[in-house]
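Notes to accompany the following structure.
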Amino acid sequence: MIDSVDKMLPVASLSSKKLVFSAAQDADRALELGVFYLAVPDNIDLDVARQFGHDLLAPHTSYRDIPQYGELEGFIALDNNQQTKLALQRERWDAHYPPQIARFGRQLDEIGVAIMREVLGQSGIPETLWEKASGGYALGKGTAFLNFVHYDTRSTALGLRPHTDYGFITILDATLPGLQIQINGEFVDVPVLPNHFVINFGEALHFITQYSNRCVGAVVHRVVTQCPENPTRHGIVYFANPDLDGLLWQFNAKGDAMGHSSVTGLFAQLEQRLTY
Ligand SMILES: [Fe+2]
């Protein structure tokens, strides 16, 4: 039985906006697993972002007044897990986040685009089709969410139930252990590696690479139940998504269109399949 993937998970870094693995087989393994560590780029001030996440716990912070926008944005607590969050998509960062946090979000945009372009490069899908395939995201459009989460231990539910993410790429900064990924049917720990993000792939990335030279998988993951006697687990989560009103296209490496879906249609399908 595998207890931990710390010896196995590949580690990447960004160099001149390009994703670099120390060995070619690490890139293969990362794309196969759908998860890897990424060294936090030097220009990112993670402490400021983490502090913002902590400050949100104060009951009287003005950030508590941020309105709810639909089901996905605002302060959200779901009843089947411990995670509670402040979630906002890119268009609202400047309106509601402090300037340095909105800037932090845009730095994560750059990371997301770099990872997206690496995967699409390896997929063999012609570059002229990347914008269409990715619902705009590969060219810095699409949608992104920057969420600040913590785990409410008044509930004894799982921290976060097993699921795959719906979008393309998730960038996670977590301060404490608890994340697990499923490998060969078993959940194994993903230890916190200081000064590294955990990157994982989602269903939309699987969808658009399905007929390409490099079909990548969406990794099933969960967060174990957090206990009240431990410090509060905080996380910063960035989701790279297509334009939510748009389309996703599946191309092969010759550039032939093999299929497409509306983003809402794909997400609704996933919802039916994945809701626990
Ligand atoms: Fe997730």
Side-chain angles (χ1 to χ4, degrees), residues 5 9 30-38 49-50 53 71-90 105 108-109 111-112 115-116 119 137 142-152 155 157-183 185-193 196-209 216-226 232-242 244 263 266-276:
V5 290
L9 265 196
L31 270 59
E32 219 173 88
L33 281 172
V35 57
F36 60 94
Y37 291 114
L38 178 77
R50 285 180 171 185
E71 287 181 5
L72 299 176
E73 296 177 90
F75 272 97
I76 295 168
L78 298 175
D79 57 8
N80 62 2
N81 63 65
Q82 293 179 316
Q83 190 182 89
T84 63
K85 61 187 173 187
L86 171 59
L88 287 173
Q89 59 174 298
R90 189 193 284 139
L108 298 186
D109 278 336
I111 295 175
I115 297 170
M116 188 71 177
V119 173
Y137 188 84
T143 310
F145 284 81
L146 176 58
N147 300 350
F148 292 84
V149 311
H150 70 275
Y151 289 80
D152 183 348
S155 153
L158 264 178
L160 200 53
R161 287 172 171 242
H163 65 284
T164 51
D165 294 340
Y166 290 0
F168 295 125
I169 291 157
T170 304
I171 303 173
L172 168 71
D173 171 61
T175 53
L176 289 172
L179 175 67
Q180 296 185 325
I181 58 170
Q182 198 175 38
I183 300 179
E186 280 191 60
F187 279 100
V188 296
D189 292 328
V190 178
V192 173
L193 187 61
H196 285 74
F197 294 124
V198 176
I199 309 296
N200 71 265
F201 296 155
E203 297 283 354
L205 195 59
H206 171 68
F207 181 82
I208 67 169
T209 57
V216 302
V219 65
V220 176
H221 54 285
R222 70 180 184 185
V223 175
V224 299
T225 304
Q226 302 294 299
T232 301
R233 185 175 189 273
H234 285 267
I236 304 170
V237 192
Y238 169 97
F239 292 110
N241 281 321
L244 299 179
V263 175
L266 179 68
F267 285 7
Q269 215 182 353
L270 293 169
E271 194 77 35
Q272 274 185 344
R273 183 153 61 87
L274 296 171
T275 301
Y276 287 79

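Hydrogens, waters and symmetry mates play no part in the numbers below; they use all other heavy atoms, side chains included. Indexing begins at 1, ligand by ligand and atom by atom, following the structure's order.
Listing protein N, O or S atoms at distances below 2.8 Å from the Fe ion (ligand 1), with waters left out, gives His163 NE2, Asp165 OD1, His221 NE2.
A tilted orientation is assigned to the rings of Phe168 and Tyr137, their planes being inclined by 30° to 60°. Classified by interplanar angle (parallel below 30°, tilted 30° to 60°, perpendicular above 60°), the ring pair Tyr166/Phe267 is tilted. His234 and His150 have tilted rings, their planes meeting at an angle from 30° to 60° on a 0 to 90° scale.
Qualifying side chain to side chain donor-acceptor pair (under 3.5 Å) partners for Asn241, counting only residues two or more places apart in sequence or in other chains: none.
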Mind running side chain to side chain contact (heavy atoms under 4.5 Å, CB included) on Thr170 and Val237 for me, showing each step along the way?
CA-CA 7 Å; Thr170 304; Val237 192; 3.6 Å; yes
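Side chain to side chain, Gln180 and Asp189 meet the donor-acceptor criterion of an N or O pair below 3.5 Å.
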